Amino acid sequence: MGFIRILIELSLICMNPPRMSCLLAVWLAVVLSGIQAVDRSNFKTCIQSSFCKRMRDVVPGHSPYRALLETLELSNTRLTLQLINDNNKVRLLLELYRLQGNMTRLKINELKPLRPRFEVPDVLIADPPTEPLSLVSQDEGGVVLSLGADARHLVVSARPFRLDIVEGPHVLLSVNSRGLLAFEHQRPRKDTLSKISSTVGSMWDTIKNIFSSSSENDSEEVEAEEDAEDQNYEKEEDQADMWEETFKSHTDSKPNGPTAISMDFSLPGVEHVYGIPEHAENLRLKTTDGHDPYRLYNLDVFQYELYNPMALYGSVPVLLSHSTQRTMGIFWLNAAETWVDISSKAAENTDSVQAPSKVAQTDVRWISESGIIDVFIMLGPKPTDVFAQYASLTGTQSFPPLFALGYHQCRWNYKDQEDVRSVDQGFDDHDIPYDFIWLDIEHADGKRYFTWDPAHFSQPREMLQGLVDKRRKMVAIVDPHIKVDSGYRVHKEIRSKNLYVKNKDGGDYEGWCWPGTSGYPDFTNPEMRSWWASMFAYDQYEGSMENLYIWNDMNEPSVFNGPEVTMHKDALHGSWEHRDIHNLYGLYVQMATADGLIQRSGGVERPFVLARAFFAGSQRYGAVWTGDNAAEWSHLKISIPMCLSLGLVGISFCGADVGGFFKSPSSELLVRWYQTGAYQPFFRAHAHLDTPRREPWLFGPENTALIREAVRQRYALLPYWYLLFYKAHGTGQPVMRPLWVEYPEDVTTFTIDDEYLLGRDLLVHPVTDEGSKEVTVYLPGTGGVWYDAFTFQRHEGGQNLYVPVTMSSIPVFQRGGSIIPRKNRIRRSSSCMEKDPYTLYVALSPQGTAEGELYIDDGHTFNYEQKKQFVHRRFIFADSTLSSSNISPDSQFSTASWVERVLILGAHKPSSVTLKTSGGSVASLEFDFDEATSVLTVHKPGVNAGADWTLLFQW
Amino acid sequence: MQHNVNWLQALLVLSLSVTLGWTVEVQRPRGVPLTKRQFYDEAKPFTCLDGSRTIPFDRVNDDYCDCKDGSDEPGTAACPNGSFHCTNAGYRPTFIPSSRINDGICDCCDGTDEYNSGASCQNTCKELGRKEREALQKLAEITKEGFLLKQQLIEEAKKGQQEKQSRLSELQDSRKGHEDKVEALRTVKETAEQPEKEAKERHLKAWEEHKAALRLEKEKAKMAEVFLELDDNADGFVDVSELQTHQELDPDGDGTLTDTEAQGLLGGAHKVDSTEFMNMWSNMKEKYVSEVCPPTPSSDLDKDPDSVYPEDDLDEDAAGEDDEDDDDDDDRDDDDDKVISPLQVLEKLSVCERERWCLLCNAALLPFSFRALEKEISFDFGPSSEFAYLYSQCYELTTNEYIYRLCPFNRVSQKPKYGGSETSLGSWGSWSGPEDNKYSVMKYEHGMGCWQGPNRSTTVKLTCGKETAVVSTSEPSRCEYLMEFTTPAVCLEPPNIDTQVHDEF
């Protein structure tokens, strides 16, 4: 929830003293109700962010950087090479790595930095394994290194410095080809320097010498140039805001001065780039010529605007490029404020030796405020390869407990235990399944997280037990700002352990958030994270039980009275400035919380933690959502590209607040949102405190029935969702996918973001316009077929299909050639459905074949991983035989579930259907055949879902 | 009332089931109610109850759904639209959706829905039955007593109605007489004023001068009068202490006319004679309140009777005391018919004004009470005016944080327990129960506005009770309040089943 809340509280405070202050309250209300969208003036544009402006002022042209080939060193794992800036003679150190899995890493840092520069920890799951780089050729112009097979080479050019990755005659990607590499080396403060006496001034030399002596290869030439460097400090012109910068009323003291970095990447042959979430933007990124670059800076944005490059709550600095030829990725590992420029142009075709033709090219420039240049170039070539490559670096989506994939009922705020009980009962009374009910900030005692409001939630265990009895769960919010209150244990302990973030003067950093004045735990400190994790132990978090899970909101971090509603950049996390780690803070919060949930169960149970802010690697810790959206059709529509973009960069467990957080949805919008949310990974309804109640049964029986049906569709497909998450966890493939991921050569799909795939086999086209009577669905895959998931009507692939729609559902299609397991006995919660039987939906390809998988485990522990306790089956339909076989023979799990029914879509009428089980028994099965829909229904095979079996069809 | 009928049926069934001893299970497929026993004949193939299909009987309850209507699987969760019958011996039999069979949650009090889930369900039917019987009996008692009270209320209302009607006609008569009187006075006054008006038309300027002269004369006369009034000891001087008997002259408005302030008013002197006083008078005349009541100016009678009340003062006082911070609300109240009781008005007046007021009473109060009465009579107090006794009453409920106040047919409000301003949760709107039970719900609307939300409103649900009381309040949705209110006035006549029930127990 957003910043607005503080103002509401202000107006409430005003109620007490009469008249005068109430006028203030009324005034506030009037002023606020006029606000319809984000107040842009609260957030910086590139020009207002001095480093962005400085870097963006560097125009394409001749790069001042030159590679000093004589400094080249090639070891088994890496190549190092010094770069020099001919303008100021400052040297940089370039490191190049060839990584396993077709990736290249390049790092650039100052050769002799005044003080160390921040390198992002805890995002990579390990040191990426390298493969040997071998020198192919070398001359005074540069060197050529082999990147393994496929005639793939890395070409390093010396004057000016430039890198090209080529495959055969094709240039895949160039670095610094536009000469935009810029690296602001650290300098002593001039204002300080001029005041320092010569003796103190010589300390700089001492410091430098310490660094110098640690460097091994100081040639005399270097020493000579170093002297030149010293002079250059003076020569370089200071630009405005380099050493101190003020935005609105906030001054950034910038004790270390300017430290920005920038680099350009050119992608010949590429017209489509994606990723770098989080932005309220189309799936395909736009060029940023003439306006602001896309910004990556985790911010609590009140009432965000759509279709613009402004920063939102989370950041993943990963950009994907795609063409019919190749998919690649650029991972810019930097946690500081970052801006990304995208431009495109027609470039000379370097492929052809004949007359050069023009091909498209996309140019990307990354700009960050501090840290080093650390870039991973993922060379694909297929979309699945890029996902696997990125997953090998930062890990995969955590495998959520099955129930987390059910429906979540949230609202700011369920008022008290009785409210919780009656909403829970409401779901049963209206026969709508749900798994989680959520408590927002009001549940805690004065927003002291880990506590319960004594008036309204005096018996949390009783309340949680009530949910246990219904086999349901609860999520309570625990935000990372801690009320400064000497009577509050959490605050007292963090303060006494000295684990708060510090302000620039070394005291505990304090800001305003929900509880009023708050401290911000330094989650970058492992000791802090470990203490935080320990707080979730059942004996520490009083009133908690095993069915209580956690929500981390405001982890950007949100600081109501801070610059851009976040933390001051000169706040300190140990020796690092907040500037360096900003985008990483939210990840650490979720990491510590997820660890806490694992630890409280002794490492047995899988956690579920939702967070609003995120970074590269956050996928390992739980789910994210698109923050404080609004009850508007446009926000329903944008939820699709926003979650698709997150899926592309590893974060599959994504959802948007169903119904919209701000404002109140019409019943039509609400129904459409449920229908959409049911087919998005994280399915949670949420609403602002000031909106009218909107539990599913409050909109009349007709709408209740429509919402019930949408939620039931979600529950029927839980086996498929679970499989997709299992695979996302195993392989890094997104759960919710853009069409181009599965149809990479079909150019039509490249810009589609009003429909999407779940896995490979379900195509979903939500209805996101008011009063829609029809939608046009693009069915990809010429030569293939798709079946309507409800009517089973068959449609050819490779066409735009005009689909009339009613309020009853949104268009969903199953791919011909796929087999999807469903559980059609919808119960109160997913846990209640655990032992229920499966129905297999076999959708035949035009060739009469189909294939699918089923994954089953206990649904909530790590036993699948630690003890290999799971069932993973492959179903194949071919040659008139449907068989179930074990994909993972070394796994072991006994399930009570069995196969209730098999539907063959696009079938003929058989003369007989015979079941053969592994025990050798043979039985004839009953079946129905519906001529009108060509659906063959085989009754009750009755075999255990974990067993081997075969169905033989005689036609 | 719908649920009254239901509980009666329940009570009957309950007592029947207890007496007939339905604890003996009649053989039939699991989940089938006794009433449908005949459709499930083991000896015959089973025909779906919708007639859509006939299947061998061994496919009834075989955990596979054959019938579209779910009737072949009354005892399993196989059909999405099936329902399971809980016998619940000792309590009420009931149906549950078949999706709740073997889901690990005990739904039937006899535990029969969880026959294969591993859930261990206690049979709680007897206990529930006992509790329900107790509750129903209690309810029956309340209803009985409540209904008796209701009869009294109806009687009283009838009497009150008659009284009011006769008073209304009385008032009507006296109003007629009064109006005649006013008319007569008006004629007299107009006649008297006629020459003035003519003079005004003819010699406007001269008239102004004349008026100024007159005013001066009047002022002097007034001043002389005041001097005498003030000169308590009749020594020909007005001194500080004499002036201090008129606290209203306090120049800084702190409520006390100090020595220094009084001296200031007297031009720095300790006492002044009548000539000197004339110079000081202009500083005091705005505030000075005479010790005798001035004669009622006849022109007041020209005004609308309503406007005779010192309304402006009244509003300010009322708003000040209530800390009412929603001006819209006040306006609304003002625009409405005045339902401020005459006593309330009188309380606000000074002794002197009260005397004067009483002179006016006959003139002004009559139409006022006439209108109030007319309004009261116009309210819908229920089919037998059984709700009439609630009129002009208020009922309070104190919760942890707030004091809620319901004044039926008037308004609902909320006030923080520990200080703070009162918030209107709505003014009387209408009866808004369902069509067949209109008088079970009251709606109060247009309360204080909510930020980014609707105006506050309150739904009051009325239930039968011996006492008249607000029993609970809640805010089910933002700014929409729900109040539960018990009153004998909604108690329905208990059907005469007492003997039956006793017999069967």
Side-chain angles (χ1 to χ4, degrees), chain A residues 4 7-8 11-12 14-19 21-23 25-26 28-30 32-33 415-416 418-419 422 428 431 433 455-456 469-472 662-664 687-695 698 712 716 824-829 831-837 898 900-901 926 939-940 942, chain B residues 53 55-56 59 62-66 73 76-83 96-107 116-119 319-328 399-401 415-416 418-423 448-454 472 474-480:
Chain A
I4 189 63
L7 298 169
I8 301 165
S11 69
L12 288 176
C14 288
M15 295 302 178
N16 289 331
R19 283 275 148 113
S21 40
C22 289
L23 284 178
V26 168
L28 270 174
V30 169
L32 292 172
S33 58
K415 285 186 310 236
D416 50 26
E418 175 52 27
D419 199 4
S422 81
D428 286 348
D431 202 17
H456 302 106
D469 293 345
K470 295 280 194 73
R471 307 184 74 177
R472 288 175 177 144
F662 291 114
K663 304 186 180 173
S664 194
H688 189 276
L689 182 69
D690 287 318
T691 58
R693 292 291 280 246
R694 56 167 98 134
E695 282 66 48
L698 296 176
R712 289 173 68 96
N824 286 338
R825 303 183 180 187
I826 312 302
R827 304 197 191 240
R828 269 184 280 222
S829 70
S831 301
C832 293
M833 294 164 63
E834 184 190 346
K835 296 172 181 172
D836 282 341
W898 47 285
E900 177 177 31
R901 195 183 284 109
E926 265 197 56
H939 294 195
K940 209 179 179 187
Chain B
R53 197 169 171 194
I55 53 172
R59 281 171 46 177
D62 71 339
D63 208 13
Y64 184 85
C65 190
D66 294 291
E73 298 293 321
T76 78
C79 294
N81 50 351
S83 57
I96 60 167
S98 60
S99 65
R100 292 178 194 174
I101 300 168
N102 289 331
D103 67 349
I105 301 163
C106 308
D107 291 287
N116 192 23
S117 70
E321 276 181 25
D322 290 348
D323 289 338
E324 192 60 76
D325 44 24
D326 188 2
D327 293 55
D328 293 75
T399 65
N400 284 339
E401 293 155 86
K415 196 175 173 157
Y418 305 109
S421 58
E422 191 184 68
T423 304
M448 190 176 163
C450 276
W451 182 75
Q452 276 209 338
S472 77
S474 56
E475 188 184 356
S477 192
R478 187 98 179 136
C479 300
E480 291 174 16

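So you know, we letter chains A, B, ... as the sequences are listed, proteins then strands, and number each from 1. Computation of the quantities below employed the complete heavy-atom set of this structure, encompassing side-chain atoms and omitting hydrogens, waters and symmetry-equivalent molecules. Since this is a predicted model, take the numbers as computed values, not measurements.
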Checklist entry - For Ala119(B), is it the side chain, the backbone, both, or neither that has a heavy atom closer than 4.5 Å to a heavy atom of chain A? => result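 Nothing of Ala119(B), per the 4.5 Å heavy-atom cut-off to chain A.
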Checklist entry - So which part of Ser474(B) gets closer than 4.5 Å to some heavy atom of chain A, the side chain, the backbone, both or neither? => result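 The answer is neither part of Ser474(B).
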Considering only heavy atoms and a distance below 4.5 Å, find which of [options] pairs most often with chain B.
| options | result |
| --- | --- |
| Asp416(A), Asp428(A), Thr691(A) | Asp428(A) |
| Cys832(A), Gly942(A), Pro837(A) | Cys832(A) |
| Glu418(A), His939(A), Arg712(A) | His939(A) |

Item to check | Partners meeting ring pair (Phe, Tyr, Trp, His ring centres under 6.0 Å) with His456(A) (sequence neighbours left out) | outcome: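 His456(A): no ring pair (Phe, Tyr, Trp, His ring centres under 6.0 Å) contacts found.
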Taking all heavy atoms of [X] and all of [Y], pick out the closest pair and write down the distance.
| X | Y | answer |
| --- | --- | --- |
| Asp103(B) | Arg827(A) | CB-NH1, 3.6 Å |
| Tyr64(B) | Lys940(A) | CE1-N, 3.5 Å |
| Arg825(A) | Ala77(B) | CD-O, 3.4 Å |

Just verifying a value: how many Å separate [X] [atom1] and [Y] [atom2], rounded to the nearest 0.5 Å?
| X | Y | atom1 | atom2 | answer |
| --- | --- | --- | --- | --- |
| Arg828(A) | Ile105(B) | CZ | CD1 | 4.0 Å |
| Ser99(B) | Ile826(A) | OG | CD1 | 9.0 Å |
| Asp66(B) | Glu926(A) | CG | CD | 7.0 Å |
| Asn824(A) | Cys65(B) | CG | SG | 10.5 Å |

Item to check | Asp431(A) with Arg100(B): basic N within carboxylate O range, under 4.0 Å | outcome: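 Yes.
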Item to check | Check ion pair Lys470(A)-Asp107(B) (N to O, under 4.0 angstrom) | outcome: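 A salt bridge is absent here (no side-chain N lies under 4.0 Å from a carboxylate O).
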Item to check | Segment of Asp836(A) engaging chain B (4.5 angstrom heavy-atom cut-off) | outcome: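 For Asp836(A), no heavy atom lies under 4.5 Å from chain B.
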Item to check | Arg694(A) versus chain B, the contacting section by heavy-atom distance below 4.5 Å | outcome: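 No part of it gets close to chain B.
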Checklist entry - Which residue out of Asp63(B), Asp62(B), Asn400(B), Asn102(B) racks up the most heavy-atom pairs below 4.5 Å with chain A? => result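 Ranked by heavy-atom pairs under 4.5 Å with chain A, first place is Asp63(B).
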Checklist entry - Highest number of heavy-atom pairs under 4.5 Å with chain A: which of Glu401(B), Arg59(B), Glu480(B)? => result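 Counting heavy-atom pairs under 4.5 Å, the top option is Arg59(B).
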Next on the checklist: Within a 6.0 Å radius of atom NZ on Lys835(A), are there more than 12 heavy atoms belonging to other residues, nucleotides or ligands?
Outcome noted: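 12 or below, so no.
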